[in-house]
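First the structure, in the form of structure tokens, and then the observations on it.
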Amino acid sequence: MFLILSFVCGMSTLTNAFPNNYVDFTFRVVPIKPTLGGTHPFPKSPVDSLEATLDDHQLILPAVHPEYELYLLDEDSEIVYQIIISENVEFVNLPSTLVGDFQLLLYPGGDYYYSYDIEL
């Protein structure tokens, strides 16, 4: 009994020593509206939302996805970081030197992109 209680208390202390920084979120889908002859937008099919997780400076994507262009924009909408994420890469480490509020954009090519506001 003492051994079990010690183990449980020890795990509690270990868990508190490494706080859980996971943030699960769903990206907003932002359409890019090309036009026909400059006046009428092309008809669009609905785009599925994209769920991801942010753990401190690590972005965790679904196991299966297309190639993305990732952009981090600062509060002035300036690109402060960009990278190509190869298809099916689940873990993306963002620079630990970036701290603050950013807009995270994932562009798979085509007529839409994903957007989410994050704090690093």
Side-chain angles (χ1 to χ4, degrees):
M1 175 80 167
F2 175 74
L3 181 60
I4 293 172
L5 185 56
S6 296
F7 178 75
V8 171
C9 289
M11 287 303 291
S12 174
T13 303
L14 182 62
T15 302
N16 291 336
F18 300 100
N20 187 352
N21 293 326
Y22 275 71
V23 177
D24 293 321
F25 63 92
T26 302
F27 281 94
R28 292 181 302 278
V29 177
V30 181
I32 301 171
K33 299 180 180 178
T35 59
L36 278 172
T39 56
H40 302 313
F42 285 113
K44 306 264 186 300
S45 299
V47 176
D48 290 334
S49 61
L50 176 66
E51 294 183 4
T53 300
L54 187 65
D55 181 18
D56 195 23
H57 281 74
Q58 185 176 58
L59 178 65
I60 305 168
L61 297 169
V64 177
H65 65 77
E67 179 177 275
Y68 292 120
E69 295 175 30
L70 178 147
Y71 300 93
L72 280 179
L73 282 64
D74 64 12
E75 293 175 345
D76 297 323
S77 297
E78 297 289 327
I79 297 172
V80 295
Y81 182 73
Q82 68 185 51
I83 190 172
I84 301 291
I85 303 171
S86 298
E87 63 182 272
N88 304 330
V89 170
E90 291 181 70
F91 301 95
V92 179
N93 292 315
L94 303 174
S96 59
T97 55
L98 295 175
V99 177
D101 296 324
F102 299 93
Q103 184 178 21
L104 173 61
L105 304 178
L106 290 180
Y107 179 61
D111 57 0
Y112 67 94
Y113 61 91
Y114 296 106
S115 174
Y116 193 78
D117 297 329
I118 62 171
E119 181 181 346
L120 296 175

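Put simply, the side chain of Ile85 does not reach to within 4.5 Å of the side chain of Glu67, judged on heavy atoms. Considering only heavy atoms from C-beta on, Leu70 comes within 4.5 Å of Leu104 through its side chain. In this structure, Leu106 and Leu50 have side chains that are in contact, with non-hydrogen atoms separated by less than 4.5 Å. Two residues are said to be in side-chain contact when any heavy atoms from C-beta on lie closer than 4.5 Å; Leu59 and Ile118 fail this criterion. Using a 4.5 Å heavy-atom threshold, the side chains of Asp111 and Pro31 count as separate. You'll find the side chain of Leu120 reaches within 4.5 Å of the side chain of Leu54, heavy atoms only.
A distance of 5.0 Å separates CG in Asp101 from CD in Glu75, rounded to the nearest 0.5 Å. Asp48 contributes atom CG, which lies 11.5 Å from atom OG1 of Thr26 (distance to the nearest 0.5 angstrom). Note that the NE2 atom of His65 and the OG atom of Ser86 stand 8.5 Å from one another [nearest 0.5 Å]. Rounding to the nearest 0.5 Å places CG of Leu61 at 10.5 Å from CG of Asn88. Summarising the geometry, atom CG belonging to Asp55 is positioned 10.0 Å from atom CG belonging to Asp24; distances are rounded to the nearest 0.5 Å.
Checking side-chain atoms of His57 against main-chain N and O of Leu98 turns up a donor-acceptor pair under 3.5 Å. When atom types are taken as modelled, the side chain of Asp74 and the backbone of Asp76 share a donor-acceptor pair closer than 3.5 angstrom.
Note: Phe27 and Phe25 meet the aromatic proximity criterion, with ring centroids under 6.0 Å apart.
Remark: Ser115 engages Arg28, Val30, Gln103, Leu105, Tyr113 in a side chain to side chain contact (heavy atoms under 4.5 Å, CB included) (not counting sequence neighbours). Here Glu69 pairs with Tyr71 under the side chain to side chain donor-acceptor pair (under 3.5 Å) rule; sequence neighbours left out.
For residues 78-109, no pair satisfies ring pair (Phe, Tyr, Trp, His ring centres under 6.0 Å), with sequence neighbours left out.
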